[in-house]
Amino acid sequence: MKLYLNDTSPFSRAVVATALLTKSSSLSLEWVDPWASPAELVDANPFCLIPTLVTTEGITLSESLCICQHLIEVSQSEDLTSIEYQSVDQVSQLGFAKTLMEIAFRSAALKRYTDESNELITRGETGMAVALEKLNQQLSVEGIKSYLQPNLANLYLHVALDYVQFRHSAIFNAVENNNISELMQLSPFVGVLNVIDLETLATQPSFESLINR
């Protein structure tokens, strides 16, 4: 299998974490710059988006959440499980985490092409601040137990929070985040995300080297 990705994408990081946790085999990491529209990526995914997974059968899987769910279902791993879709709480957590990741990424990406007075950037940054405040309050009231289950919703949330802290540190540090910080320290995914921290991904490692770490 070939996974097209880049080193700063939180969506790519979520898929790599999933591949490691589900012990995916025969995976080749193909490091690309999607903004440069490389021909191989365009051929696999006409939208030129990463991550994109091409299976051994030559079938293309796009959209990080779909890729992660497929890897989980194929492996039946106990280290990472899907959510229970009949549970409104888990569906809510996954939706929140995925949306936070998307807004954080979009707000950062837009700055490459527009000035910071752009309405979408402003709305995104305001939304992130409110979302973090509400999450911190929710963790204070309900505790963090449900956020420590090794499921896909909590993996996405941890990766999203890491990305916000990295790309939007001013927003992260400006809000009350004591409970969020505790959650990130106790997360069941601390180990795997330390293996694929941003410094490591910047070296564009092979999947085998990540497994060995």
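For the numbers below, each heavy atom of this structure counts, side chains included, while hydrogens, waters and symmetry mates do not.
Proximity of L29 to Q204: side-chain heavy atoms (C-beta onward) are nowhere separated by under 4.5 Å. In this structure the side chain of C66 never reaches within 4.5 angstrom of the side chain of L61, judged on heavy atoms. Inter-residue side-chain proximity for V164 and L132 is flagged as met; some heavy-atom pair is nearer than 4.5 Å. Residues F47 and T52 form no side-chain contact, since every pair of their non-hydrogen atoms from C-beta on lies 4.5 Å or further apart. Side-chain contact between T200 and R213: present, with at least one pair of heavy atoms (C-beta onward) separated by less than 4.5 Å. Residues I50 and F11 form no side-chain contact, since every pair of their non-hydrogen atoms from C-beta on lies 4.5 Å or further apart. At a threshold of 4.5 Å between non-hydrogen side-chain atoms, the residues L80 and F189 count as touching. In this structure, M128 and L100 have side chains that are in contact, with non-hydrogen atoms separated by less than 4.5 Å.
Side-chain atoms of Y156 come within 3.5 Å of backbone N or O of L65 as a donor-acceptor pair. The backbone N or O of K2 lies less than 3.5 Å from no partner atom in the side chain of E30, so there is not a single donor-acceptor pair. S187 places no side-chain N or O within 3.5 Å of a backbone atom of L183 that could act as its donor or acceptor partner.
In this structure, Y163 and H168 have perpendicular ring planes: the angle between them is above 60°, well past the 30° mark.
Separating the CG atom in L161 from the CG atom in N177 is a distance of 10.0 Å, to the nearest 0.5 Å. A distance of 9.5 Å separates OG1 in T18 from CD1 in I67, rounded to the nearest 0.5 Å.
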Please walk me through it: do N6 and D33 pass side-chain hydrogen bond (donor to acceptor under 3.5 Å, both in side chains)?
CA-CA 6 Å; N6 80 346; D33 176 6; 5.5 Å; no

